[in-house]
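Step one of this worksheet: look at the structure below.
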Amino acid sequence: MLAIVRLFAIARERAGRAVIEVELADGANVGDLKAALACEVPSLALLLPTIRIAVNSDYADDNSPIPPGADLAAIPPVSGGCEPGIRR
Amino acid sequence: MLAIVRLFAIARERAGRAVIEVELADGANVGDLKAALACEVPSLALLLPTIRIAVNSDYADDNSPIPPGADLAAIPPVSGGCEPGIRR
Amino acid sequence: MIEITELPLDHAAITDSVRSNLAGAVCSFLGTVREMTGERRTAMLEYEAYPEMALKKMAELEAEARRRWPILEAALVHRVGTLSLGEISIVIAVSCPHRHQAIDACRWLIDTFKDVVPVWKKEVWADGTEEWVHPGMNPPGSGGDGLEPPL
Amino acid sequence: MIEITELPLDHAAITDSVRSNLAGAVCSFLGTVREMTGERRTAMLEYEAYPEMALKKMAELEAEARRRWPILEAALVHRVGTLSLGEISIVIAVSCPHRHQAIDACRWLIDTFKDVVPVWKKEVWADGTEEWVHPGMNPPGSGGDGLEPPL
């Protein structure tokens with residue numbers, strides 16, 4: 001199946017694009033997707049350990065299945081709001 | 001010396017006036033003032049245990065001296081703000 | 001900004017007064033006239049202050065808060081007189097570099113304000129009765145004695 | 001009110017939107033663009049969101065906050081795009097019957113927002129360099145890993 005993954009923030013900038021399409025085996029899970037992304041876009045490989053994948057707007061772990069047609073996104077650590085470097 | 005005491009809120013309403021003048025011995029302290037107030041205005045007697053006296057806009061205890069000409073006030077428990085009955 | 005006023009409070013202007021390019025966070029607290037207290041319905045509130053002492057204590061609160069947190073700007077404004085349902089009785093606004101500083105300072109300021117600043121509130125209930133809200137003078141069992149302001 | 005917008009935030013309107021006759025307390029938090037971070041000077045900030053997911057997570061945060069506190073009204077609004085010094089990036093406003101409820105709920109909402117809502121910030125420093133603020137991707141020693149959003 002074809003997985004269409006939106007990229008944001010540093011992931012988008014490192015990849016040089018806002019969307020990546022990768023071909024996955026049917027029944028692939030999020031871990032498989034991350035492995036495919038690392039192959040497809042080597043510039044993302046070093047970021048991937050800190051990136052979470054969202055499946056249909058929910059955070060998913062590596063074992064989560066990827067339903068066909070799911071909305072997929074690569075989510076770098078978030079920092080909405082106003083103050084860097086505190087509390088983390 | 002003459003002590004001029006401002007009354008607020010329930011103390012003002014119970015006394016029926018906003019200012020009380022009482023004659024004190026020179027060297028009188030806040031405890032003496034409260035005793036004089038209880039004699040002068042019997043309707044305040046039951047309130048006095050919960051009332052604090054302010055001397056020149058600071059809370060004072062019974063042993064505090066009363067300088068001649070001091071601004072004096074009877075301060076019922078305060079409740080500025082917005083929510084009754086919580087946290088106390 | 002430290003103020004006691006009979007005029008309606010402009011919370012937007014008070015909040016804007018503490019904004020700063022050095023601040024990453026602003027926390028504003030508004031006390032508003034609540035209609036229901038348990039089963040009882042409020043018609044309006046009357047606030048009375050001892051203005052000279054209130055302003056002095058408010059300035060002391062701001063100074064103490066500035067010792068405890070890196071406050072850039074602070075505003076404490078209380079309204080007195082008769083307030084209708086939903087109207088604002090108090091606004092406290094604080095700006096700090098970081099968010100927890102601003103929120104903690106704002107919380108400490110409103111808590112301590114209610115302990116030490118000589119402002120009193122009278123409930124005018126919808127049934128026509130009136131009642132001063134004096135912690136420690138209210139019916140037994142309603143809680144502490146309110147006699148030991150920490151400042 | 002749950003919103004992601006490119007327009008400047010009207011904090012007064014957002015705060016007014018949560019006022020209620022059933023509330024005795026309103027707490028509003030504003031995140032603003034701070035000029036100094038340590039010795040470094042910010043020129044502007046750029047915010048980027050994954051809007052669909054951000055709105056969903058913001059609605060989940062509001063729902064969870066309503067389970068934890070007796071919230072009457074809540075508003076969560078984040079701005080995206082380029083923001084100048086002092087401008088407001090986020091407003092969170094909450095009304096509750098009592099003050100600690102409103103302050104605690106507001107604090108929890110801003111903390112949890114920053115943990116789970118997909119909004120990112122890029123510092124554009126006054127020296128012309130740019131830097132995404134990604135906790136856990138920043139220089140070693142800058143703190144936790146930001147990898148376990150609680151929701």
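By convention in this document, chain letters (A, B, ...) are assigned in the order of the sequence lines, proteins followed by strands, and residues within each chain are numbered from 1.
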For the atom pair CE (M53(D)) and CD1 (I75(A)), what is the distance rounded to the nearest 0.5 Å? 4.5 Å

Pairwise distance CD(E60(D)) to CG(D58(A)) - rounded to 0.5 angstrom: 5.5 Å

Which pair of non-hydrogen atoms, one from V116(D) and one from V78(A), has the smallest distance, and what is that distance? N-CG2, 3.9 Å

Restricting to non-hydrogen atoms, name the atom on S57(A) and the atom on K57(D) that form the minimum distance, rounded to 0.1 Å.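 The answer is O-CE, 3.2 Å.
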
Under the ring pair (Phe, Tyr, Trp, His ring centres under 6.0 Å) rule, what pairs show up with a residue in residues 4-27 of chain A, not counting sequence neighbours?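 Counting only pairs at least two positions apart or across chains, the ring pair (Phe, Tyr, Trp, His ring centres under 6.0 Å) contacts touching residues 4-27 of chain A are F8(A)-Y50(D), F8(A)-W120(D).
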
Where on E48(D) is there a heavy atom nearer than 4.5 Å to chain A: the side chain, the backbone, both, or neither?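 It is the side chain, since no backbone atom gets that close.
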
Under a 4.5 Å heavy-atom cut-off, does chain A meet the side chain of A49(D), its backbone, both or neither? backbone

For M44(D), look at atom CE and say whether over 12 heavy atoms of other residues, nucleotides or ligands are found less than 6.0 Å away.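 Not more than 12 within 6.0 Å, no.
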
Count the heavy atoms belonging to other residues, nucleotides or ligands that lie under 6.0 Å from CZ of R41(D), then report whether that count exceeds 12. no

Which side-chain hydrogen bond (donor to acceptor under 3.5 Å, both in side chains) pairs, counting each pair once, include a residue from residues 25-44 of chain A, with sequence neighbours left out? none

